[in-house]
A.B. asks: 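I am attaching a structure below and will ask some questions about it afterwards.
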Amino acid sequence: MTTNEARQRIEQLTAEINNHNQRYYQEASPVISDFEFDILLQELQHLELKYPEFAAADSPTQRVGGTIAREFKTVQHLTPMLSLSNTYSEAEIREFDQRVRKVTGDEVVYICELKYDGVAIGLRYRNGILVQAVTRGDGIQGDDVTANVKTIHSVPLRLKGDYPEEFEIRGEVFMPHKSFNELNAAKEEIGEPPFANPRNAAAGSLKLLDSSEVARRKLDCFLYFVIGDMPFDNHYDNLMKAREWGFNIPLFIRKCYRVEEIAEFIGEWNTARHDLPFDIDGVVIKVNSYPMQQVLGFTAKSPRWAIAYKFKAERVTTKLLDIVYQVGRTGAITPVAVLEPVQLAGTTVKRASLHNADIIAQLDVRIGDSVFVEKGGEIIPKIMGVDLSQRDPSAASVAYPAHCPECGAVLVRTPGESAWYCPDEDGCPPQIKGKLEHFISRKAMNIDSLGEGKTEILYDSGLVSNVADFYDLTYDQLLGLEKNYPSTAMVRQRTVKFREKTVENILSAIEKSKEVPFSRVLFALGIRFVGETVAKKLVAHFGSIENIANASTETLLEVDEIGVKIAGSLTEWFALEKHQNLLKRLEIAGVKLENTEPAAGNGDVLKGKSFVVSGVFSRFNREELKELIEKNGGKVSASVSSKTDFIVAGDQMGPSKLEKALKLGVRIISEDDFAEMLSSGTLPEKG
Ligand code: IVH
């Protein structure tokens with residue numbers, strides 16, 4: 001075959017297969033057998049492999065996958081992927097409407113849509129070709145799952161008509177019930193644990209590294225949001241246009257002019273959702289007009305021009321078989337109900353959280369009771385009550401254990417707190433392991449190569465019993481460690497082994513963790529009540545571990561958001577000699593125990609300068625930025641004027657501010673420029 005013949009054959013096969021796909025998927029009237037189809041496809045795959053330069057950007061071979069990724073590339077979102085504020089109450093929808101009308105006046109039009117229960121995805125198209133598909137991730141950056149998304153037949157690889165040159169469209173990848181049932185049946189057959197619900201299945205499938213495996217999962221995708229230079233100035237018209245370009249825009253969209261119509265839409269779907277071939281968990285209400293959306297703007301997390309109404313949880317009755325007690329990383333005991341398996345909202349429920357001793361007493365649940373179980377948005381279902389008419393008269397009240405189920409220590413309870421605790425934090429295995437796991441977790445020191453049970457192995461082998469021990473590990477100690485996990489009802493037997501590459505990765509991740517900023521180190525220490533936000537506040541205020549350790553309760557209480565509970569926990573933690581020793585060892589290891597970010601503030605770099613902060617930021621939040629400006633001697637004002645020196649602009653900066661700034665020649669800087677200004681201590685030239 002000559003090169004020219006190959007090119008022609010590839011074109012011919014591409015057109016032919018696309019045509020068969022169209023008949024099969026869109027028209028449900030195939031004209032050839034699956035076998036004949038496979039032969040055509042194989043021929044094309046074979047030719048494309050030999051002549052990749054002739055493979056079309058939208059070649060049908062991509063639908064069947066084949067690329068096997070080693071890992072997903074992390075990609076920054078061009079516009080942050082925000083979430084929506086949620087409500088379960090129609091009264092709050094009315095309040096939302098009133099808030100909106102106050103700003104927009106009465107001519108507002110709403111678009112009501114379904115809230116698809118899947119995985120958010122952003123698709124980027126350039127010149128009509130799908131170039132990138134990114135998961136939401138943390139909203140700022142996500143995973144590049146393009147090869148996987150290309151296997152979804154309803155996602156167009158090439159657009160039709162007069163689409164913009166470059167734009168993004170967002171939506172939800174989900175698994176229809178039919179695919180979900182098929183997948184779980186197949187899993188059960190090979191003895192693998194089934195997915196709990198279609199959302200987990202969709203999320204798990206999108207994260208598969210072998211795209212041909214994803215192709216077999218038969219995912220689907222609805223799109224509901226466009227970003228870019230669009231032909232219309234409103235959401236609805238652009239969605240309808242996007243449908244013409246070939247996108248799978250859902251049909252279940254309604255324009256509403258009055259809040260009563262929104263309530264009707266919600267009411268209808270609250271019933272009709274059970275007949276849909278996929279899961280929805282609510283309804284999304286959006287202000288249609290872009291200019292109005294812009295005026296309404298955003299909070300730090302979500303747009304003010306949209307709201308999600310979530311359907312109330314579904315409820316079933318089942319039998320309480322037992323209560324088991326789990327020990328967490330802080331020693332807190334969580335009672336968990338073991339239930340007779342029951343179907344609830346599309347999943348099999350076997351366990352439910354009982355939260356604490358008070359709840360057990362309040363519900364007065366007894367082993368053997370018939371209980372009402374509910375599942376709302378959360379993953380773990382809840383016991384809502386007992387069907388007393390079914391109670392066995394001989395059933396005894398639950399006696400809450402007095403001893404730790406893991407280490408036998410006598411449990412304690414601080415007055416005013418709901419949980420019982422195992423006080424033996426240095427002798428109780430799940431507490432020690434929990435602290436180690438927390439330390440290495442992504443939001444803390446991010447030593448991810450130690451995940452998946454590896455810390456447990458280090459603990460079991462006696463190498464690591466506190467977080468400072470990580471920094472003493474050597475190559476020779478780690479190489480060859482292994483552990484066999486016997487099979488359980490949920491997972492197959494497996495072996496975790498520390499091979500050369502694993503050990504190298506672990507040691508380099510530990511080394512890299514020495515660069516983690518102090519606020520995350522403070523969070524990683526796992527001091528009770530010191531979460532991410534509190535850690536950031538403490539660091540912004542005190543700057544170093546030494547200052548925090550030496551701070552009196554009064555000084556601690558001066559910090560925004562620090563109350564007596566947190567202050568008490570900090571004082572108690574630092575008072576212990578073993579913690580002082582731990583910090584010494586971390587310091588010697590080179591872990592950051594003071595702030596090196598440009599946040600310490602109390603200088604006067606910005607003296608006499610006036611700032612306006614506008615938009616959504618990724619590195620700081622808006623309040624932090626304002627605080628930093630003031631701490632460094634600058635002034636913050638709400639509106640742009642001739643006196644403004646700088647605007648720190650994030651994404652979605654208000655258009656009126658932008659216009660004014662441009663008119664007045666005010667310097668617009670990014671949050672990175674701002675951080676640079678603080679760390680270098682110099683102001684950029686005005687220009
Ligand atoms: S709009 C800026 N519309 O719900 C707002 N989201 O908490 C963009 N979702 O992250 C989102 N159906 O994953 C929108 N019709 C719909 C939706 C929808 C489901 C998901 C989406 C989003 C989350 C909001």
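The first residue in the sequence is number 1, and the count goes up from there. What you see is a predicted model, and the numbers here were worked out from it, not measured in a lab. Whatever order the structure lists ligands and atoms in, that order sets their numbers, starting from 1. Below, each value reflects all heavy atoms present in this structure, side chains not excepted, and no hydrogens, waters or symmetry copies.
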A.B. asks: Pairing donors with acceptors under 3.5 angstrom, does anything connect the side chains of H153 and D220?
C.D. replies: no
A.B. asks: Counting only nitrogen or oxygen atoms and a 3.5 angstrom limit, does E113 reach ligand 1?
C.D. replies: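 Between E113 and ligand 1, an N or O pair is found under 3.5 Å apart.
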A.B. asks: Among protein heavy atoms, which sits nearest to atom 4 (O) of ligand 1, and what does the distance come to when rounded to 0.1 Å?
C.D. replies: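 Atom 4 (O) of ligand 1 sits closest to the protein heavy atom K115 NZ, 3.3 Å.
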A.B. asks: Considering only protein heavy atoms, which is closest to atom 7 (O) of ligand 1, and at what distance to one decimal place?
C.D. replies: L84 N, 3.0 Å
A.B. asks: Whether E166 and R124 form a salt bridge (side-chain N of Lys/Arg under 4.0 Å from carboxylate O of Asp/Glu) is what I want to check.
C.D. replies: yes
A.B. asks: Ring centres of W245 and Y125 under 6.0 Å apart?
C.D. replies: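 They do not qualify: ring centres at least 6.0 Å apart.
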A.B. asks: Looking only at heavy atoms of R136, does any of them come nearer than 4.0 Å to an atom of ligand 1?
C.D. replies: yes
A.B. asks: Between E168 and R170, does any NZ, NE, NH1 or NH2 come within less than 4.0 Å of an OD or OE carboxylate oxygen?
C.D. replies: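 Salt bridge between R170 and E168, a charged N being under 4.0 Å from a carboxylate O: yes.
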A.B. asks: Looking at ligand 1, is there an atom of it that comes within less than 4.0 Å of some heavy atom belonging to P303?
C.D. replies: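 Within the 4.0 Å threshold, so yes.
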A.B. asks: Should M81 be listed as contacting ligand 1, given a heavy-atom distance under 4.0 Å as the test?
C.D. replies: no
A.B. asks: Could you tell me the residue and atom name of the protein heavy atom closest to atom 3 (N) of ligand 1, and the distance to it rounded to 0.1 Å?
C.D. replies: K286 NZ, 3.0 Å
A.B. asks: Looking at the rings of F222 and F174, which for Trp means the six-membered one, are their centres under 6.0 Å apart?
C.D. replies: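 Yes, they do, as the ring centres are separated by less than 6.0 Å.
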A.B. asks: Please answer whether the main-chain N or O of M175 pairs with a side-chain N or O of S179 as donor and acceptor at a distance below 3.5 Å.
C.D. replies: no
A.B. asks: For atom 17 (C) of ligand 1, what's the nearest protein heavy-atom neighbour? Residue, atom name and distance, please.
C.D. replies: Y224 CE2, 3.3 Å
A.B. asks: Measuring from the heavy atoms of L114, does anything fall under 4.0 Å of ligand 1?
C.D. replies: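 Flag set, L114 near ligand 1.
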A.B. asks: Among all the protein's non-hydrogen atoms, which is closest to atom 13 (O) of ligand 1, and how far away is it?
C.D. replies: E172 OE1, 2.7 Å
A.B. asks: Indicate whether the side chain of N18 and that of N21 have a donor and an acceptor atom separated by less than 3.5 Å.
C.D. replies: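 Absent: no donor and acceptor within the cut-off.
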A.B. asks: Among all the protein's non-hydrogen atoms, which is closest to atom 12 (N) of ligand 1, and how far away is it?
C.D. replies: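 The closest heavy atom on the protein side is Y116 N, 3.0 Å.
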A.B. asks: Are any of the side-chain nitrogens in R217 or E213 under 4.0 Å away from the carboxylate oxygens of its partner?
C.D. replies: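 Yes, charged N to carboxylate O under 4.0 Å.
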